[in-house]
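Structure first, commentary second.
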Amino acid sequence: MSDLRELYQQVILDHNKSPRNFRKLDSANRMAEGHNPLCGDEVTVYVELVDDVINEIAFQGHGCAISKASASMMTAGLKGKTIQEAEALFTEVRQMVTGEGDQPNADLLGRLTALSGVREFPNRVKCATLPWHTMRGALKGEKDVVFDE
Ligand code: ZN
C-alpha cells in the first residue's frame, strides 16, 4: 500500500508541476470560475462543447497541488467525453474522494484513482472536487461557482 501511495503522490506532483491543458481556451463556449474559500483555490474551467461532446477542455487558476492536479487530470480525462459521461465521472470522483456511496469504479476512473488518497485528508476533499464542480457549473451555464457546501 505504501508503494501505491507513493505512486499516487508522484502522479499528483507530476500534474501539479506540469499541468495538462493549463491555458485559456479561446474556442470555449462554456466557462465557469470556481472558488474554494477554505483553501484559497481558484480555478477557471473552459469547455468547447460541440453538440453534447466536450471537444476541448482547459483550465487556469491557482491553488494547492491537489486542486491543480485534480483539474489537470480532469481535463485529460474528459476530452472527447459526452456530458453524460462527464456527469458519471464526476459522481465516481466524488464518491472516491469522500468515501461516500458505492465503491468507485476503478475502470471508469482510470488514472484518476491517483486522487483516492485525498480521502484520508477530509479538509482537502474540496480541493480535489472544486475543478469538477466548476466543470459541472460550466456545462450548466453557471458562470460563478463558489464551492463552500
Ligand atoms: Zn486546496
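One-based numbering, in listed order, for ligands and for the atoms of each.
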Would you say Ser70's side chain and Ala128's backbone share a donor-acceptor pair under 3.5 angstrom? yes
Using the ring-ring contact (aromatic ring centres under 6.0 Å, His included) criterion, which residues pair with Phe22? Sequence neighbours excluded. Phe59
So how many protein N, O or S atoms does the Zn ion (ligand 1) have within less than 2.8 Å? 5
Not counting sequence neighbours, list each pair that qualifies as a salt bridge (Lys or Arg N to Asp or Glu O under 4.0 Å) and has a residue in residues 55-83. Arg23-Glu56, Glu56-Lys79
Just list the side-chain donor-acceptor pairs under 3.5 Å for residues 95-102, sequence neighbours left out, or say none.
{"from": "Thr98", "atom 1": "OG1", "to": "Arg94", "atom 2": "O", "distance (Å)": "2.6"}
{"from": "Thr98", "atom 1": "OG1", "to": "Glu100", "atom 2": "N", "distance (Å)": "3.2"}

Closer than 3.5 angstrom, by distance alone: can the side chain of Arg20 be matched with the main-chain N or O of Ser18 as a donor-acceptor pair? yes
Can you tell me how far CG of Leu130 sits from SG of Cys39, rounded to the nearest 0.5 angstrom? 9.5 Å
